[in-house]
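Here is the structure we will look at, set down as structure tokens.
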Amino acid sequence: MSDLIYLYAAYTVIWAGVFLYVLKLHLAQRKLKQETEMLKEIIDEKKNKKNL
Amino acid sequence: MRFKINIKDLIFGVAIILILISIYLAFIYTPTHTTMGDVQRIFYFHVASAWLSYLAFGVTFVTGIFYLKSKDFKWDKIAFASAEIGIVFCTLAITTGPLWGKAVWGAFWRWEDLKLFITLVLWLIFIAYLALRANAKSKVSKANLSAVFGIIGFICVPLSFAANRIWQQYHPTVIATSEGSLQSSMGMALGISVIAFTFLYIYLLISKVEIDTMREIIEEIKQKVGG
């Protein structure tokens, strides 16, 4: 078996690892933004009810 | 039309450009190693990953000290974010190293090599750091315990860095030795990949701290709205 397989495996591990971690952070940020929007709506609704 | 440039995105952009340049340098610009062949090209990003993990654990160490001095939770947040990033890149370093080892030594791991052993211990200490944080009961005890653990764990970083220079076993020493020094093109490729990963680290650290801050604020608002 050629040693090149180890080179490919190492680069796959590195870039898959970096990509997955960046993706994990990106998805967490997106989820938190959605939650923020939801909370804003709830707070606005509560404010409107109070004003009525 | 005005463009709003976000400093975090700018850092990420610089990291991506430098990573692309270092891939070009590692695969096309640098010559094939005379004794190891193409498998030596693993080392450009293996070393950069190891460097990033040392840097990240170093930041955890410094911010851990800052936290214990000031009791300001912002330092704990940075320490935790940096430790997590350090673990990710330490994992990449101790995964890619054995792949190179198998091709060059004929074995994935050599238990008698202290560099490998100390780096594995470093990785395990920071895995325990995460477990400790996950199981701590209060915010204060979580921050106190992890600051102490992060400071103690960092001791392995200089040991891991120096191990192959002191004991000279199997792990090669590629920097700062006269007989084992790199060709200039190889040194440049390594330098650029290290700088690229440093920019990547700054981007990841800012992102992780932002996420943890946002999570805390949302939890506080949820408690207020719910109550």
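Here the structure is a predicted model, which means the values were calculated and not measured. So you know, we letter chains A, B, ... as the sequences are listed, proteins then strands, and number each from 1.
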- Query: chain A: which of B/I221, B/L204, B/T95 shares the most heavy-atom pairs with it under 4.5 Å?
  - Reply: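 Maximum pair count with chain A is reached by B/L204.
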- Task: For residues A/L25 and B/S207, report the shortest heavy-atom separation together with the two atoms involved.
- Result: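 Closest approach of A/L25 to B/S207: CD1-CB, 4.0 Å.
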- What is the minimum heavy-atom distance between B/I42 and A/Y11, and which atoms define it?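 B/I42 and A/Y11 have their closest heavy atoms at CA-CE1, 3.9 Å.
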- Give me the contact list for residues 49-57 of chain B versus chain A, heavy atoms only, anything under 4.5 Å, ordered by residue number. B/S49
Using distance only, find each side-chain donor-acceptor pair of residues 26-45 of chain A under 3.5 Å and give its atom names and separation, not counting sequence neighbours.
residue	atom	partner	partner atom	Å
A/Q29	NE2	B/E210	OE1	3.0
A/E35	OE1	B/K222	NZ	2.9
A/T36	OG1	A/L32	O	2.6

- Item | chain B contact via A/I14 - side chain, backbone, both or neither, heavy atoms under 4.5 Å |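 Contact with chain B involves both backbone and side-chain atoms of A/I14.
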Show me the side-chain donor-acceptor pairs of residues 84-91 of chain B shorter than 3.5 Å, one per line, residues at least two apart or across chains.
residue	atom	partner	partner atom	Å
B/E84	OE2	A/Y21	OH	2.6
B/E84	OE2	A/K24	NZ	3.3
B/T91	OG1	B/I87	O	2.6
B/T91	OG1	B/W123	NE1	2.8

- Query: So how far is it from B/F108 CZ to A/Y6 OH, rounded to the nearest 0.5 Å?
  - Reply: 5.0 Å
- Note on the structure: To the nearest 0.5 Å, atom CG of B/L99 lies from atom OH of A/Y8 at 14.0 Å
- Query: Is B/I7 atom CD1 crowded by more than 12 heavy atoms from other residues, nucleotides or ligands, each under 6.0 Å away?
  - Reply: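 Incorrect, the count does not exceed 12.
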- CZ (B/F149) with more than 12 external heavy atoms under 6.0 Å: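 Yes.
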Compile the donor-acceptor pairs under 3.5 Å between side chains in residues 18-26 of chain B and protein atoms, sequence neighbours left out, one pair per line.
residue	atom	partner	partner atom	Å
B/S22	OG	B/L18	O	3.0
B/S22	OG	B/I19	O	2.9

- Query: So do the side chains of A/V13 and B/F45 get within less than 4.5 Å of each other, counting heavy atoms only?
  - Reply: no
